[in-house]
Amino acid sequence: NAGVMQNPRHLVRRRGQEARLRCSPMKGHSHVYWYRQLPEEGLKFMVYLQKENIIDESGMPKERFSAEFPKEGPSILRIQQVVRGDSAAYFCASSPTGQGGRTEAFFGQGTRLTVV
Amino acid sequence: DQQVKQNSPSLSVQEGRISILNCDYTNSMFDYFLWYKKYPAEGPTFLISISSIKDKNEDGRFTVFLNKSAKHLSLHIVPSQPGDSAVYFCAASARTGSNYQLIWGAGTKLIIKP
């Protein structure tokens, strides 16, 4: 049973380009969470999705950021027109129930985005 | 506004001794707390948790203590082993609507010296 898979592991984008981060949850998990970690800081919640639904996006910046979790395929975190401040590690986690803020959630290895 | 604080960025402990990692929180609505461990270039992995109705939870070498009146929790690792060297994150859970959101501390880097 493969764990949470994120790709790419490292992504370099020039300012103004788009970044697409992918997350395949563990088999049987239909709840996905995205977190961002800035240098020297803890993880910050961004968005919680179930299949085809955004449940909680209270941590998402209002502009340029979007997320989806389609019926088929991985969850995608999309950042349009990236700026240097978007440089961070982005982690995806999945859980079998909607209790990812209550019980153990399983994390991927993260995508390190560098904006140059 | 940091609701969960881990005031020690790093901690160095001799192998075999006790490691104590601390975490303070400000929001009295938090009712569930989790500790995660993170190695470099990997995602966090769950370690141990505690509900606010308890003051202690133990799992092998790991024990978490919760002091609700002080809004403080701590993770004890006894005895400390070289493989325990990692960054430890404290996270607190509060209900937001129909969802539970995790608020994370900035982490403490634990270094176990041989």
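Below, read A as the first sequence line, B as the second, and so on, with proteins coming before strands; counting in each chain starts at 1.
- Side-chain heavy atoms closer than 4.5 Å link hydrophobic residues (I, L, V, M, F, W, Y) into clusters, and following such links, even through other members, never connects B:Leu11 to B:Ile20.
- Close approach to chain A, defined as a heavy atom under 4.5 Å from one of its heavy atoms, is seen in B:Trp104, B:Gly105, B:Ala106 of residues 104-114 of chain B, taken by number.
- Residue pairs satisfying the side chain to side chain donor-acceptor pair (under 3.5 Å) criterion with at least one member in residues 107-116 of chain A, sequence neighbours excluded, are listed as follows: A:Arg9-A:Gln109.
- The salt bridge (Lys or Arg N to Asp or Glu O under 4.0 Å) check on A:Lys44 picks up A:Glu41, with sequence neighbours excluded.
- Residues from residues 56-83 of chain A that place a non-hydrogen atom less than 4.5 Å from a non-hydrogen atom of chain B comprise A:Asp56, A:Ser58, given in numerical order.
- Within a 6.0 Å sphere centred on NZ of A:Lys51, other residues, nucleotides and ligands contribute more than 12 heavy atoms.
- No more than 12 heavy-atom neighbours from other residues, nucleotides or ligands sit within 6.0 angstrom of CZ on A:Arg15.
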Q) Between A:Tyr35 and B:Leu102, does a side chain to side chain contact (heavy atoms under 4.5 Å, CB included) hold up when you go through it step by step? A) CA-CA 10 Å; A:Tyr35 292 87; B:Leu102 270 183; 3.8 Å; yes
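- Cluster membership check: A:Phe106 does not share its hydrophobic cluster with A:Trp34, using side-chain heavy-atom separations under 4.5 Å among Ile, Leu, Val, Met, Phe, Trp and Tyr.
- A chain of hydrophobic side-chain contacts below 4.5 Å, direct or via other Ile, Leu, Val, Met, Phe, Trp or Tyr residues, connects B:Leu75 to B:Phe30.
- Only the side chain of A:Gln37 comes within contact range of chain B, judged by heavy atoms closer than 4.5 Å.
- Residue B:Val64 is grouped with residue B:Phe62 when hydrophobic side chains (ILVMFWY) are merged at heavy-atom distances under 4.5 angstrom, including chains of intermediate members.
- Nearest heavy atom pair, residue B:Lys38 against residue A:Phe91, reads CE-CZ, 3.4 Å.
- Hydrophobic clustering places B:Ile103 together with B:Ile50 (ILVMFWY residues linked when any side-chain heavy atoms are closer than 4.5 Å, directly or through intermediates).
- Taking CZ of B:Phe46 as the start and CZ of A:Phe107 as the end, the distance is 11.5 Å to the nearest 0.5 Å.
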